[in-house]
Amino acid sequence: MTDETLEGGANPEDMTLDELRDEIRGIDRELVELIARRTYVADTIAQVKDEQGLPTTDEQQEQAVMDRAGENAERFDVDANLVKAIFRLLIELNKVEQRESR
């Protein structure tokens, strides 16, 4: 994330350490909120799969998610291996929850 401004137009290079830490706290909260939203949707998918008698695991869909994760990482100039590792963890957590709820 080079030569970019933060929400509200702030330039990170002009911010104090405390302001930068506040920015990180806000981003962390947003990340957790997004994970919660993703988990809710994944739980809903699990219910639909259960109702339709579909298997918990869909390797083709998982690969599509991983491909998108890699593409988005490149788009935002973030390490693709790191992003894919995070998504692998999210997928595995959702699969465990799906299996436990069946």
Side-chain angles (χ1 to χ4, degrees):
M1 191 167 167
T2 56
D3 298 330
E4 293 192 28
T5 59
L6 302 174
E7 276 189 41
N11 183 343
E13 294 174 3
D14 296 333
M15 297 172 73
T16 67
L17 183 58
D18 286 339
E19 290 170 331
L20 290 166
R21 287 180 174 155
D22 283 343
E23 186 71 17
I24 289 289
R25 276 190 283 277
I27 292 167
D28 289 349
R29 184 193 54 74
E30 290 174 27
L31 285 169
V32 172
E33 181 182 352
L34 290 170
I35 290 169
R37 285 176 50 198
R38 188 182 196 285
T39 300
Y40 173 78
V41 173
D43 289 345
T44 305
I45 289 170
Q47 291 172 4
V48 171
K49 284 180 177 180
D50 191 41
E51 290 168 5
Q52 295 180 3
L54 297 171
T56 301
T57 301
D58 181 344
E59 292 182 18
Q60 194 172 18
Q61 180 60 27
E62 288 177 26
Q63 187 58 52
V65 170
M66 297 304 290
D67 291 345
R68 273 195 318 268
E71 290 166 8
N72 283 323
E74 290 177 17
R75 178 176 168 216
F76 290 101
D77 195 27
V78 179
D79 183 283
N81 289 326
L82 173 63
V83 171
K84 287 181 178 183
I86 291 167
F87 273 82
R88 266 193 291 282
L89 181 58
L90 289 171
I91 289 169
E92 287 306 312
L93 289 171
N94 290 141
K95 285 166 47 174
V96 167
E97 285 186 25
Q98 287 179 23
R99 280 193 288 268
E100 288 176 355
S101 67
R102 285 190 160 194

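Residue A73 comes nearest to A80 through the heavy atom pair CB-CA, 3.6 Å, listed as atom of the first residue, atom of the second, then distance. Listed here is the closest heavy atom pair of V78 and V83: CG1-CG2, 3.6 Å.
The existence of a salt bridge linking D22 and R25 is confirmed by a sub-4.0 Å separation between a basic side-chain nitrogen and an acidic carboxylate oxygen.
Distance check: L34 CG to R29 CZ gives 9.5 Å after rounding to the nearest 0.5 Å. Within the model, atoms CG of D79 and NZ of K84 stand 10.5 Å from one another, a figure rounded to the nearest 0.5 Å. Of the inter-residue distances, the one linking K95 atom NZ with T57 atom OG1 reads 4.0 Å to the nearest 0.5 angstrom. One finds the CG atom of D50 at 13.5 Å from the CD1 atom of I45 (value rounded to the nearest 0.5 Å). Atom CG in D58 sits 7.0 Å away from atom CD in E62 (nearest 0.5 Å). To the nearest 0.5 Å, the span separating CD1 on I86 from CG on L90 amounts to 7.5 Å.
The closest side-chain heavy-atom distance from D14 to E19 is not below 4.5 Å.
Residues Q63 and D67 bring a donor and an acceptor atom of their side chains to less than 3.5 Å of each other.
Side-chain N or O atoms of K49 include none that pairs as donor or acceptor with a backbone N or O of L54 at under 3.5 Å.
Annotation for R38: atom CZ counts as buried by contact number, over 12 foreign heavy atoms lying within 6.0 Å.
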